[in-house]
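Keep in mind the model is a prediction, meaning the values are calculated, not measured.
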Amino acid sequence: MAIMTNFVPFLTLFVIIVTSSMFTVTMANKDWPSFGNFNYTDWWSRFGNHHHQINKTEQQPKNIIVGDSQNWHFGYNYSDWALKNDPFYLNDTLVFKYDAPNATSFPHSVYMFPTWKSFKNCDVKRAKMLANHTQGVGEGFKFVLNKWKPYYFACGEKNGLHCNVGQMKFTIMPMLRPLWPSWP
């Protein structure tokens with residue numbers, strides 16, 4: 001109890017000193033806004049970091065072509081692709097592009113698995129088809145990462161053969177997009 005009694009006057013003195021120091025600095029610096037007419041919209045341009053301009057495109061969701069120039073095809077390692085292109089952010093759009101089925105190409109599709117186990121085992125029976133053989137043709141099938149959760153994607157053709165043998169599967173966990181710009 002004696003410690004608390006001695007601490008209260010010290011704390012009061014500390015608050016008075018800090019408050020008076022802030023008031024003195026505010027009054028001495030004419031460029032610092034006073035409390036009554038503080039313009040919040042002008043604060044960053046007056047007192048912010050002038051060495052870095054905010055790039056508004058850094059904050060915007062992106063369209064990401066799955067597989068980059070390889071698109072969505074049998075035999076490409078999409079798990080490696082996902083690791084190399086990480087991080088993915090909420091509201092980014094994955095674009096699955098693939099050729100229409102013909103005599104020289106396999107048909108492809110896009111499935112989403114509900115669990116890690118079903119994904120790992122390429123259990124297409126438990127997965128949901130997102131895009132069929134023709135939906136990836138042209139501009140491609142677009143899927144927005146609109147939830148903060150793990151996503152498990154694969155090609156479901158040949159009852160999971162493209163997923164198991166063709167490496168046409170990957171998992172991602174979108175992150176929350178930072179509210180600040182990236183600094184140099």
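The cationic group of Lys97 does not satisfy the cation-pi geometry with Phe141, failing either the under 6.0 Å distance to the six-membered ring centre or the 45° limit from the ring axis.
Taken together through direct or relayed side-chain contacts under 4.5 Å among Ile, Leu, Val, Met, Phe, Trp and Tyr, Leu130 and Ile65 form parts of separate hydrophobic clusters. Both Leu161 and Tyr98 belong to a common hydrophobic cluster when Ile, Leu, Val, Met, Phe, Trp and Tyr are linked at side-chain heavy-atom distances under 4.5 angstrom. Hydrophobic clustering (ILVMFWY, side-chain heavy atoms < 4.5 Å, transitive): Trp72 and Leu145 are in one cluster. The cluster map of Ile, Leu, Val, Met, Phe, Trp and Tyr, joined by side-chain heavy atoms under 4.5 Å apart, puts Val95 and Phe170 in different clusters. When the side chains of ILVMFWY residues are joined at heavy-atom separations under 4.5 Å, either directly or via intervening members, Leu83 and Leu94 end up in two distinct hydrophobic clusters.
With Gln70 contributing its side chain and Gly67 its backbone, the two residues share no donor-acceptor pair below 3.5 Å. Checked by atom type and distance alone, the side chain of Tyr89 never pairs as donor or acceptor with a backbone atom of Lys62 at under 3.5 Å. Side-chain N or O atoms of Thr93 include none that pairs as donor or acceptor with a backbone N or O of Lys142 at under 3.5 Å. When atom types are taken as modelled, the side chain of Asn132 and the backbone of Thr134 share a donor-acceptor pair closer than 3.5 angstrom. Panel note: side chain Trp148, backbone Pro174; a donor-acceptor pair is recorded below 3.5 Å.
Phe153 and Tyr78 have their aromatic ring centers separated by at least 6.0 angstrom. If you look at Tyr152 and Phe113, their ring centroids are not closer than 6.0 Å.
Surrounding NZ of Lys149 are more than 12 heavy atoms belonging to other residues, nucleotides or ligands, all under 6.0 Å away.
The side-chain contact (heavy atoms from CB on, under 4.5 Å) search around Asp86 returns Phe88, not counting sequence neighbours. Under the side chain to side chain donor-acceptor pair (under 3.5 Å) criterion, Gln167 pairs with Asn77, sequence neighbours left out.
Distance NE2/His133 to SG/Cys155: 7.5 Å, rounded to 0.5 Å.
Using a cutoff of 4.0 Å between basic side-chain nitrogens and carboxylate oxygens, Asp92 and Arg177 are scored as salt-bridged.
The minimum heavy-atom distance between Met173 and Pro150, with the atom names listed, is SD-N, 3.2 Å. The two residues Thr104 and Asn102 come nearest to each other via the heavy atoms N-OD1, 2.7 Å.
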